[in-house]
Amino acid sequence: MKKKLNQILNIIMALLLVCSLVQDYINIGILVNGLLVLVLLAVCMTVKVIFIEKIGRIQKIALILGIVFLTLTFIGGCYVLANHGQANAGYAVVPGIWTMICFGYYRSKNRANSN
């Protein structure tokens, strides 16, 4: 069951990327479609992380939070770019710092468990 779900999520993620590239080529709302695809990919990746059995609960939480903050970083960056740099860059920087903290914690725990 989990293998089937993983395959379905991989197909959905690939289709999202292909659809995004086609729409970007046609120039239909590049920023909005890009952000929508980013959010949908983050949801798919979060579902995939939930079903990983090799890591502990705290590591899963750190990985999921890292994905969420990474998504918020890109959304904040797009917001700053959409406002031609007039918006505060902190919208992208602050979630970016939390992304590095979450992924760093995940990697440190992952290394400790593999030794």
Side-chain angles (χ1 to χ4, degrees):
M1 176 66 182
K2 290 180 185 177
K3 188 175 180 181
K4 280 256 194 224
L5 180 64
N6 192 25
Q7 291 172 345
I8 291 170
L9 287 172
N10 287 339
I11 291 170
I12 290 172
M13 289 171 26
L15 288 174
L16 285 171
L17 289 174
V18 169
C19 290
S20 173
L21 292 175
V22 169
Q23 287 180 348
D24 287 349
Y25 182 73
I26 300 172
N27 292 328
I28 301 174
I30 293 172
L31 188 62
V32 174
N33 287 334
L35 289 176
L36 179 63
V37 167
L38 178 70
V39 169
L40 292 174
L41 285 174
V43 169
C44 289
M45 289 300 296
T46 303
V47 171
K48 287 181 76 155
V49 167
I50 290 171
F51 288 107
I52 295 176
E53 295 178 354
K54 297 177 184 177
I55 61 176
R57 181 180 298 171
I58 300 297
Q59 288 176 302
K60 282 184 186 182
I61 291 171
L63 195 53
I64 289 170
L65 285 175
I67 292 169
V68 169
F69 284 123
L70 183 63
T71 304
L72 290 174
T73 300
F74 283 116
I75 290 172
C78 290
Y79 178 70
V80 171
L81 290 175
N83 288 311
H84 306 290
Q86 298 298 316
N88 190 351
Y91 288 116
V93 173
V94 172
I97 292 170
W98 282 104
T99 300
M100 290 185 280
I101 291 170
C102 291
F103 285 147
Y105 180 80
Y106 169 75
R107 288 190 68 192
S108 69
K109 290 297 181 183
N110 202 19
R111 286 185 191 153
N113 289 341
S114 65
N115 290 335

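- Contact record, Val80 with Asn88: CG2-O, 3.4 Å, taken as the closest heavy-atom pair.
- Note: the hydrophobic cluster containing Val93 also contains Val68 (ILVMFWY, side chain heavy atoms under 4.5 Å, direct or indirect links).
- Judged as a side chain to side chain contact (heavy atoms under 4.5 Å, CB included), and not counting sequence neighbours, Ala92 has no contacts.
- Distance CD/Gln86 to OH/Tyr79: 11.0 Å, rounded to 0.5 Å.
- Atoms SG and CD1, on Cys102 and Ile97 in that order, are 12.0 Å from each other to the nearest 0.5 Å.
- Ile11 and Val43 end up in different hydrophobic clusters when Ile, Leu, Val, Met, Phe, Trp and Tyr side chains are linked at under 4.5 Å.
- Cluster membership check: Ile64 shares its hydrophobic cluster with Ile55, using side-chain heavy-atom separations under 4.5 Å among Ile, Leu, Val, Met, Phe, Trp and Tyr.
- By the rule that hydrophobic residues join a cluster once side-chain heavy atoms approach within less than 4.5 Å of another member, Ile58 and Val49 end up as members of separate clusters.
- A pairwise comparison of heavy atoms in Ile50 and Lys60 identifies O-NZ, 3.0 Å as the closest pair.
- One N or O on the side chain of Gln59 and one on the backbone of Gly56 form a donor-acceptor pair closer than 3.5 Å.
- Judged as a side chain to side chain contact (heavy atoms under 4.5 Å, CB included), and not counting sequence neighbours, the contacts of Thr99 are Phe69, Leu70, Thr73, Phe103.
- Atom-to-atom distance recorded for Phe74:CZ and Leu41:CG is 11.0 Å, nearest 0.5 angstrom.
- Under the 4.5 Å side-chain criterion, counting only non-hydrogen atoms from C-beta, Met45 is not in contact with Leu63.
- Residues Tyr105 and Leu65 form no side-chain contact, since every pair of their non-hydrogen atoms from C-beta on lies 4.5 Å or further apart.
- For Val94, the side chain to side chain contact (heavy atoms under 4.5 Å, CB included) partners two or more places apart in sequence, or in a different chain, are Trp98.
- If you chain together hydrophobic residues whose side chains sit under 4.5 Å apart, Val39 and Tyr91 never meet in one group.
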